[in-house]
Amino acid sequence: MNKNKIPPRAYLFPMPVALIGANVNGKPNFETLAYVGIVESQPPLISIASYETHYTNIGIKENKTFSVNTPSEDLAEIIDYCGIVSGKEIDKSEVFDIFYGDLKTAPMVSVSPLNLECEVIKTFKIKELVEIEEGHEIFIGQVVNAYADEDYLTEGIPDIAKFKTYTYSLNNYWKVGEKLAPAFEIGKKYKK
Ligand SMILES: Cc1cc2nc3c(=O)[nH]c(=O)nc-3n(C[C@H](O)[C@H](O)[C@H](O)COP(=O)(O)O)c2cc1C
């Protein structure tokens, strides 16, 4: 081992890419986030970290709802666009064909292979935890409904092999590769 000490940063590779939808002042807005994670499976809870000045945050707080839309390779350009421009300056409400679910206020993207409709159960700002002037705002949402296109399901379950989804790391998008091995399985063979 020849370990170099490198600057401590929140390196976690690869990172997801998620398109977050919220209604702001009655109109849909979308932003691209990589700081997205699962915090509980039952009930299904997802955390998103959206910088506190973002336009999307206004809508999430207004309605206590948001959507998480899974990207596919063919949407890379438009999803990147939603991560470059802000709804504060540019109206992103017409960028996608959308639909609403039971919560009525979380706009979801029709062409996205998988959509999660979330209800906010907790909100806090990172600046409440550490000494910074401005930072991310954390929303924990409970997934109340999930919607998937038939083409992306195998036996009713989302199938990543069919998704053509992609990931993000250090200013680039990366394709998702092939299956490596079955989880909770290959470890059974391990012997020291
Ligand atoms: C690949 C990518 C990942 C991003 N990840 C985050 C993130 O995790 N958190 C965040 O606050 N902003 C992130 N952004 C930036 C926002 O998407 C961007 O500031 C957006 O314009 C905010 O839109 P809004 O002001 O309409 O809400 C990311 C952008 C890109 C392109």
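Counting starts at 1 for both ligands and their atoms, following the listed order.
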Discussion item. Can you report which non-hydrogen protein atom sits closest to atom 27 (O) of ligand 1, along with the distance?
Written reply: Thr56 OG1, 2.5 Å

Worksheet item: Is the shortest distance from a Lys or Arg side-chain nitrogen in Lys61 or Glu137 to a carboxylate oxygen in the other one below 4.0 Å?
Response: yes

Worksheet item: Between Tyr168 and ligand 1, which residue portion shows a heavy-atom distance shorter than 4.0 Å: side chain, backbone, both, or neither?
Response: side chain

Practice prompt. Work out which heavy atom in Val143 is nearest to a heavy atom in Cys118; give both atom names and the distance.
Written response: CG2-SG, 4.0 Å

Worksheet entry | Asp159 vs Thr154, side-chain hydrogen bond (donor to acceptor under 3.5 Å, both in side chains): CA-CA, chis, key distance, verdict | CA-CA 6 Å; Asp159 186 338; Thr154 299; 2.5 Å; yes

Worksheet item: So which protein heavy atom does atom 22 (C) of ligand 1 come closest to, and at what separation?
Response: Glu31 OE1, 3.5 Å

Fill in: Heavy atom of the protein closest to atom 30 (C) of ligand 1 (residue, atom name, distance)
Thr32 CG2, 4.0 Å

Worksheet item: Val17 near ligand 1, heavy-atom distance under 4.0 Å?
Response: no

Discussion item. Using a 4.0 Å cut-off to any heavy atom of Gly87, which atoms of ligand 1 qualify?
Written reply: 24 (P), 25 (O), 26 (O)

Item to complete: Measure the OH-CG distance between Tyr51 and Leu33 for me, rounded to the nearest 0.5 Å.
Response: 14.0 Å

Worksheet item: Which class fits the ring pair Phe96 and Phe30: parallel under 30°, tilted 30 to 60°, perpendicular over 60°?
Response: perpendicular

Practice prompt. Do me a favour and list the nearest non-hydrogen protein atom to atom 8 (O) of ligand 1 with residue, atom name and distance?
Written response: Tyr35 N, 2.8 Å

Worksheet item: Is Lys88 close to ligand 1, meaning an N/O of one under 3.5 Å from an N/O of the other?
Response: no

Fill in: For Ala49, the ligand 1 atoms whose distance to one of its heavy atoms is below 4.0 Å
7 (C), 8 (O), 9 (N), 10 (C), 11 (O)

Discussion item. Can you tell me how the ring of Tyr168 sits relative to the ring of Tyr173, calling it parallel under 30°, perpendicular over 60° and tilted otherwise?
Written reply: tilted

Practice prompt. Just jot down the ligand 1 atoms closer than 4.0 angstrom to any heavy atom of Tyr55, in number order.
Written response: 24 (P), 25 (O), 26 (O), 27 (O)

Practice prompt. Mark up the atoms of ligand 1 that fall under 4.0 Å of a heavy atom belonging to Val85, in ascending order.
Written response: 20 (C), 21 (O), 23 (O)

Worksheet entry | Polar proximity ligand 1 side, Tyr173 side, N/O cut 3.5 Å exclusive | no

Fill in: N or O contact, Leu33 vs ligand 1, cut-off under 3.5 Å
no

Discussion item. Considering non-hydrogen atoms of the protein only, which is the closest contact for atom 18 (C) of ligand 1, and what is the distance?
Written reply: Gly83 O, 3.3 Å

Worksheet entry | Residue, atom name and distance, where the atom is the protein heavy atom closest to atom 20 (C) of ligand 1 | Cys82 O, 3.6 Å

Discussion item. So if I apply the ring pair (Phe, Tyr, Trp, His ring centres under 6.0 Å) rule between Tyr147 and each of Tyr152, Phe99, Tyr100, which one comes out positive?
Written reply: Phe99

Practice prompt. Write out the residue and atom name of the closest protein heavy atom to atom 25 (O) of ligand 1, then the distance separating them to 0.1 Å.
Written response: Ser86 OG, 2.6 Å

Worksheet item: Between atom NE2 of His54 and atom CD of Glu31, what is the distance when rounded to the nearest 0.5 Å?
Response: 6.0 Å

Item to complete: Could you list the atoms of ligand 1 found under 4.0 angstrom from a heavy atom of Asn29?
Response: 24 (P), 26 (O), 27 (O)

Discussion item. To check your reading of the model: name the closest protein heavy atom to atom 5 (N) of ligand 1, its residue, and the distance in Å.
Written reply: Ala34 N, 3.0 Å

Worksheet item: Does Asp151 pair with Lys162 as a salt bridge, N-O distance under 4.0 Å?
Response: no

Worksheet item: Roughly how far, to the nearest 0.5 Å, is the OH atom of Tyr55 from the CD1 atom of Ile90?
Response: 12.5 Å

Response to the item:
Note: ligand 1 atoms sitting under 4.0 Å from heavy atoms of Tyr51 are 10 (C), 11 (O)

Worksheet item: Does His54, backbone or side chain, put an N or O under 3.5 Å from an N or O of ligand 1?
Response: yes

Worksheet item: Should you measure from each heavy atom of Ser50, which atoms of ligand 1 turn up under 4.0 Å away?
Response: 11 (O)

Worksheet item: Between Lys164 (side chain) and Lys175 (backbone), is there a donor-acceptor pair under 3.5 Å?
Response: no

Worksheet item: If you round to the nearest 0.5 Å, how far is CG of Asp149 from OG1 of Thr70?
Response: 11.5 Å

Worksheet item: Should Lys92 be listed as contacting ligand 1, given a heavy-atom distance under 4.0 Å as the test?
Response: yes

Item to complete: Mark up the atoms of ligand 1 that fall under 4.0 Å of a heavy atom belonging to Asp80, in ascending order.
Response: 31 (C)

Worksheet entry | Flag if over 12 foreign heavy atoms under 6.0 Å of CD, Glu128 | yes

Response to the item:
CG (Asn63) and OG1 (Thr105) are apart, to the nearest 0.5 Å, by 4.0 Å

